[in-house]
Structure formats: C-alpha cells, structure tokens
J.: 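The structure is given below, and queries will be raised subsequently.
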Amino acid sequence: MPELPEVETIARQLKKHYLGKVITEVKVKPARIFINCKPEEFSHLLVNKKLKGIDRYGKFMIWKVDGLFPVFHLGMSGIFIQQKKKTMYPKHIHVSFKFEDNSRLFFQDVRKFGKIFLYKRRPKFIDLGPDPLAENFTLINFRKLLNLSGVGIKSFLMDQHRIAGIGNIYANETLYLAGINPFRPAKSIKPREAEKLYQAIRYILEEAISHFGTTYTAYQTVEGNNGENQNFLKVYQKENELCERCGGKIIKVLINNRSTFYCKKCQK
DNA sequence: TCTGACCTGCGA
DNA sequence: TCGCAGGTCAGA
C-alpha cells in the first residue's frame, strides 16, 4: 500500500490527534512484523511514555516516545485507524494503543508485510537514498544517482536504496508527467530530461499529499477516510484509456513483475 | 539484476 | 478457482 504521500498523510493526522499524549496501554498480537524486538517488550517499554514527535523518512514513520523510537513500515496493507466507537475492533489488528484520554489507535495490517522496529536512538537510514521531499535531494544529486545506475528508470525510481519513498503508483505517474518511457535505462536520461523528472517527482508527491494519498484498495487515513488522489491519476490503472496529453492509448506491461502503465506515444 | 516468497482479500 | 494488489528481501 502506502508510499511516501500516504505515510506523510498518516503521520500528519497522527500528530494532530495524538501528539503530546501519554500512552497508557499497548496491546500486541505476536507476529513476525516485530523485527528487532519482542512484541511484549514493545508493549512493556511504551506504556506510560509520552508521544513527543512523529516524522517520516521515505516510507518509514518514526515516533519519538520519551527516549525511545518506535519505527513503522506499513508494507502493502498497513494502516493506523482511530477507534471511533468502543465496540469498534476491526480484524487484523497487531497493535492497539490506548492514550491518557482513553482514545484508542490501532495498527492494522491485513497482509502482514508491515514492519515494526524499536530503537533507543533515532535510526539514520543509511541504507536508503535521499527522501525526495528533503533538502538534500537536489537536482545535482539526482543526476549523479542516475549516471551511476545500471537499471531501468522505473526500477531506479522504486529502488529505496537510491531514492526513498516512491512506489509503483507514483513511479508510473512521475514518468508520465516527465514524458519518459519506463523501459529507458536510467543512465540514458539526458540532463534536460533529468530536470523534468526531478521536478515531476516532487510535484507528483506533493500533489498526492495535498489529496491525502491514493486509495486503490485498502488505504485509509487515520480518520477513516479514503484518500482522494486516485481521482487525479493520469496512467495508473488506466489501461486502454486515452492519454489526456496526446490521445494515445495507455498500455499496461510488466516491469520487474510490477504493473506498469504508460503512453507509448508521448513517453519517449 | 531478476524472481519468487512472504500474506490475505477481492473481483473476474 | 485463479490472478492480482500500493513492498521488500534472500537467493539464484
């Protein structure tokens, strides 16, 4: 599921509702999604701690909780949902947080591809590339990364070790906006095209955040609403529709086993 | 660099 | 019943 815009949307809403509150209870369901700590340890260490900060790096969400840093990766189907009624207890809940005001927050993950970590210091994510909305993601750096790469441009955009935060939907949309064919080798991208692509990455992600993310199947905001960005997509899931820009047909192919949508006519 | 496995639910 | 889904990683 969630790519950078969805994680950012969730982080903003969590801040709005829970920042500054003390966690009074943490219930966990033992599952392989706990990576570097035991579920019961996660639960025990977070009780009676205040949620002091929430931020994001790529698709990772980092909480700051009185000297501890729980980190969440939402995988394909992870979401955070507020409990709206006391009787509301959805399926596939792996963590349930209760706060000092008796409000509850659930971490739900149907497919269990999500990951939960617990650190004593804020992780530096040295394995990941730059976050595309951060200051250190500059055009100069982006061009360098492109030149060093031996893969196709779509795989390049989705490789978290190169750029952290772009997944399949936004890789498709970014390449469409920049007018670049997804089969092109990353190295073949010319300086002018690199600039267009760089701007497209930021534009597509920022627009998606302003639309609260893209709901294609499972994704919902913390408040339980669908995102709205699916109404603004140009190619993703638009197979056989006509390209808004040139009237060409949008086609679907597989690249690295991931559905890829593009306009053969205007994406060169 | 690429493929398959990890999971579950949904729609064709 | 089968294929597919927004991600990631080990192993070939």
Side-chain angles (χ1 to χ4, degrees), chain A residues 1-11 29-36 56-61 71-81 90-94 107-117 123 125-129 131-132 145 148-176 182-188 201 204-205 207-209 211-221 225-240 252-261:
Chain A
M1 184 250 305
E3 306 182 30
L4 185 154
E6 289 74 33
V7 180
E8 178 66 27
T9 302
I10 289 171
K29 201 164 84 178
R32 50 188 298 158
I33 62 171
F34 291 92
I35 305 300
N36 67 346
R56 181 193 57 70
Y57 190 100
K59 299 176 190 174
F60 287 86
M61 182 163 43
V71 172
F72 302 87
H73 188 293
L74 306 180
M76 292 274 262
S77 55
I79 51 172
F80 280 91
I81 23 176
K91 280 173 139 186
H92 309 292
I93 299 300
H94 299 292
F107 175 73
Q108 181 193 51
D109 186 3
V110 172
R111 292 174 70 181
K112 298 180 198 153
F113 290 166
K115 292 186 173 79
I116 296 177
F117 307 83
F125 301 104
I126 47 171
D127 291 346
L128 299 183
D131 183 291
L145 288 170
L148 289 172
S149 172
V151 295
I153 187 63
K154 181 163 182 259
S155 304
F156 170 89
L157 291 175
M158 290 177 64
D159 183 348
Q160 305 301 300
H161 303 291
R162 295 177 159 107
I163 302 173
I166 302 172
N168 199 29
I169 294 181
Y170 300 112
N172 279 290
E173 293 295 315
T174 297
L175 288 168
Y176 173 79
F183 284 102
R184 292 262 306 271
K187 264 186 189 169
S188 77
I201 290 170
I204 289 288
L205 295 176
E207 280 294 291
I209 291 169
H211 298 137
F212 310 105
T214 302
T215 298
Y216 173 60
T217 54
Y219 164 71
Q220 285 194 326
T221 67
N225 301 314
N226 285 346
E228 293 169 9
N229 197 60
Q230 60 280 10
N231 303 317
F232 299 88
L233 299 175
K234 305 294 184 194
V235 285
Y236 183 77
Q237 295 294 346
K238 303 282 182 190
E239 188 182 14
N240 292 328
K252 178 182 174 183
V253 293
L254 284 182
I255 295 181
N256 283 351
N257 268 334
R258 307 302 298 273
S259 299
T260 303
F261 300 84

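Below, all heavy atoms of this structure are taken into account, side chains as well, without hydrogens, waters or symmetry copies. All values derive from a computational prediction rather than experimental measurement. A note on names: the letters A, B, ... follow the listed sequences, proteins ahead of strands, and every chain is numbered from 1.
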J.: Just to verify, which of A:T174, A:I166, A:L175 counts as forming a side chain to side chain contact (heavy atoms under 4.5 Å, CB included) with A:K154?
T.: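 Single side chain to side chain contact (heavy atoms under 4.5 Å, CB included) partner of A:K154 among A:T174, A:I166, A:L175: A:L175.
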
J.: Taking NZ from A:K91 and P from B:dC7, how many angstroms apart are they, rounded to a whole number?
T.: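 Spelled out: NZ on A:K91 to P on B:dC7 is 17 Å.
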
J.: Angle class for the A:F117/A:F60 ring planes (parallel below 30°, perpendicular above 60°, tilted otherwise)?
T.: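 A:F117 and A:F60: tilted rings.
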
J.: On the 0 to 90° scale, with breaks at 30° and 60°, tag the A:H94-A:F107 ring pair as parallel, tilted or perpendicular.
T.: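 Geometry flag for A:F107 against A:H94: tilted rings.
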
J.: Work out how far the C1' atom of C:dA10 is from that of B:dT8, and round it to whole angstrom.
T.: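 Going atom to atom, C1' in each nucleotide, I get 22 Å.
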
J.: Just N and O in the side chain of A:K112: are any of them under 4.0 Å from OP1 or OP2 of B:dC6?
T.: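 No, no such contact exists.
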
J.: Between C1' on C:dG7 and CG on A:D159, what's the gap in Å once rounded to a whole number?
T.: 12 Å

J.: How far, in whole Å, is B:dC10 from C:dT8 if one measures between their P atoms?
T.: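 C:dT8 and B:dC10 have their P atoms separated by 23 Å.
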
J.: So, do A:F261 and A:Y176 have ring centers that fall under 6.0 Å from each other?
T.: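 No, ring centres 6.0 Å or more apart.
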
J.: So does A:K252 get a side-chain nitrogen or oxygen closer than 4.0 Å to the phosphate oxygens (OP1/OP2) of C:dA5?
T.: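 So the side-chain polar atoms of A:K252 do come within 4.0 Å of the phosphate oxygens OP1 or OP2 of C:dA5, strictly under.
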
J.: Round to the nearest Å and state the distance from A:F117 atom CZ to C:dG7 atom C1'.
T.: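 Whole-Å distance recorded here is 12 Å.
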
J.: Are OP1 or OP2 of B:dG9 and a side-chain N or O of A:H92 less than 4.0 angstrom apart?
T.: yes

J.: Choose from B:dC7, C:dC4, B:dG9 the nucleotide whose nearest atom is closest to any side-chain atom of A:V110.
T.: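 Closest nucleotide among those given: B:dG9.
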
J.: How many angstroms lie between NE2 in A:H211 and CZ in A:F232, if you round to the nearest 0.5 Å?
T.: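 These two atoms lie 3.5 Å from each other.
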
J.: Can you tell which of A:I81, A:T9, A:I10 makes a side chain to side chain contact (heavy atoms under 4.5 Å, CB included) with A:T221?
T.: A:T9

J.: Within this structure, what is the OH-to-C1' distance between A:Y236 and C:dG7, rounded to whole angstrom?
T.: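 Whole-Å distance recorded here is 12 Å.
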
J.: side-chain contact (heavy atoms from CB on, under 4.5 Å), that's the test. Do A:N226 and A:Q220 meet it? Break it down for me.
T.: CA-CA 5 Å; A:N226 285 346; A:Q220 285 194 326; 3.9 Å; yes

J.: Under 4.0 Å between any heavy atoms, over every strand shown, what does A:G150 touch: base, sugar-phosphate, or nothing? Just pick one.
T.: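 Answer is sugar-phosphate: A:G150 comes under 4.0 Å of backbone atoms only.
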
J.: By centroid distance (under 5.5 Å) and plane angle (under 30°), are A:Y216 and C:dA5 in a stacked arrangement?
T.: no

J.: Could you check how far CG of A:L254 sits from C1' of B:dG4, rounded to whole Å?
T.: 14 Å

J.: Return the value, rounded to whole Å, for the distance between atom CD1 of A:I33 and atom P of C:dG7.
T.: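 After rounding, the gap between these two atoms is 18 Å.
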
J.: Could you state the atom-to-atom distance from CD1 of A:I153 to C1' of B:dT1 in whole Å?
T.: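 Rounded to the whole Å, the gap is 16 Å.
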
J.: Name the nucleic acid region contacted by A:Y170, choosing base, sugar-phosphate or nothing; use a 4.0 angstrom heavy-atom cut-off, strictly under.
T.: nothing

J.: What is the distance, rounded to the nearest whole Å, between atom CG of A:N257 and atom P of B:dC6?
T.: 16 Å

J.: Which protein N or O atoms sit under 3.5 Å from an N or O of nucleotides 8-12 of chain C?
T.:
from, atom 1, to, atom 2, distance (Å)
C:dT8, OP1, A:H73, NE2, 2.6
C:dT8, OP2, A:K59, NZ, 3.0

J.: Checking base pairs now: Watson-Crick or wobble, both atom distances under 3.5 Å. What partners B:dC7?
T.: none

J.: Apply side-chain hydrogen bond (donor to acceptor under 3.5 Å, both in side chains) to residues A:Q230 and A:Y219 and explain how you reach the verdict.
T.: CA-CA 11 Å; A:Q230 60 280 10; A:Y219 164 71; over 6 Å; no

